Amino acid sequence: MNFRKYLVLAGVTVFAVAGDAMLSLGMKQVGTISLHHLQSVIFAVANPWVALGILFLLGFFATYMNALSWADLTYVMPATALGYVLLALVARFVLHEHISPLRWIGIVLITAGVGFVAGGPALTEHPLGQAGKLTEKPHATVVASGVES
C-alpha cells in the first residue's frame, strides 16, 4: 500500500467523523423532524451544521467509493474503525454527550476485534487467478459476431 491509499483511508475516517458530528450538532439545534412533514426535513437541511455535515458525508462517500475500488470491503471497514474511537471522543469532548462505561468498553472491544482482522491483505487472492474473472468482449467483436451479450 502506498501513501495515497493511506490518505484515502484517513479521509474516509475523518470525513465520516466530521460529517456525523456536524449532523448531530445541527439536528440538536433543529429538534424533532418527521418524514410525514416534508417541510421539517427541508428546514433541517437549511441548518448550516446539517448542510456542512451532509457535505462532509458526501466527502466520506466519495473517499469510501475510492477505497472500495482498490480494496475489499472486509479490508476497508476495519481500516477505518479508528473512526469509532474518534467519534466517541468528539461526542464526549466537543458535543458534551455522556458516554457510559459500557459504551466505552464496547468501543474498546470493537477496536480490538478490528485489530485481529486488519492484518490481512487489501485484496482477496483467488486461487483461480485470472481464469476466475469474467471476461468482456470488445464491442467490435460482439458486433462482428452478431451476438449481443
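Note that the structure is a prediction, hence the values are computed from the model and not measured.
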[X] and [Y]: same hydrophobic cluster, using ILVMFWY side-chain contacts below 4.5 Å?
X	Y	answer
Ile110	Val108	no
Val14	Phe61	no
Leu86	Ile99	yes
Leu35	Phe43	yes
Phe93	Val17	yes

Taking [X] for its side chain and [Y] for its backbone only, find out whether a donor-acceptor pair lies under 3.5 Å.
X	Y	value
Ser24	Asp20	no
Ser69	Asn66	yes
Asn47	Trp49	yes

Check [X] against [Y] and note the closest heavy-atom contact, atom names and distance.
X	Y	answer
Val76	Ala71	CG2-CB, 3.8 Å
Ala21	Val90	CB-CG1, 3.6 Å
Val41	Ser34	CG2-O, 3.9 Å

Atom pair [atom1]/[atom2] of [X] and [Y] - distance to nearest 0.5 Å:
X	Y	atom1	atom2	answer
Leu82	Leu87	CG	CG	11.0 Å
Ile107	Trp104	CD1	CH2	5.0 Å
Arg4	Trp70	CZ	CH2	7.5 Å
Ile42	His37	CD1	NE2	13.0 Å
Leu25	His96	CG	NE2	10.0 Å

Exercise for the section: Kindly indicate, with the supporting measurements, whether the criterion salt bridge (charged side-chain N to carboxylate O under 4.0 Å, His left out) is fulfilled by Arg103 and Glu97. Expected result: CA-CA 12 Å; Arg103 285 189 184 179; Glu97 295 180 1; 6.0 Å; no
Practice task
Let me see the working for Leu73 and Tyr64 under side chain to side chain contact (heavy atoms under 4.5 Å, CB included), right down to the final yes or no.
Solution key: CA-CA 10 Å; Leu73 177 63; Tyr64 188 61; 3.1 Å; yes
Exercise for the section: Find out whether Phe60 and Val12 are in side-chain contact, i.e. whether some heavy atom of one side chain is under 4.5 Å from a heavy atom of the other. Expected result: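 Counting from C-beta outward, Phe60 and Val12 do come under 4.5 Å.
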Handout entry: Thr80 and Phe15, any side-chain heavy atoms less than 4.5 Å apart
Key =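 Side chain of Phe15 against side chain of Thr80, heavy atoms only: no contact under 4.5 Å found.
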Handout entry: ring pair (Phe, Tyr, Trp, His ring centres under 6.0 Å) involving Tyr84 - partner list, sequence neighbours excluded
Key =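 Ring pair (Phe, Tyr, Trp, His ring centres under 6.0 Å) list for Tyr84, sorted by chain: empty.
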Exercise for the section: For Ile33 and Met27, run side chain to side chain contact (heavy atoms under 4.5 Å, CB included): C-alpha distance rounded to whole Å, both residues' side-chain angles, the deciding distance at 0.1 Å, then the answer. Expected result: CA-CA 9 Å; Ile33 64 170; Met27 290 311 298; 3.9 Å; yes
Exercise for the section: Answer yes or no: does atom CG of Leu109 have more than 12 heavy-atom neighbours from other residues, nucleotides or ligands under 6.0 Å? Expected result: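 Atom CG in Leu109 is crowded, with more than 12 foreign heavy atoms closer than 6.0 Å.
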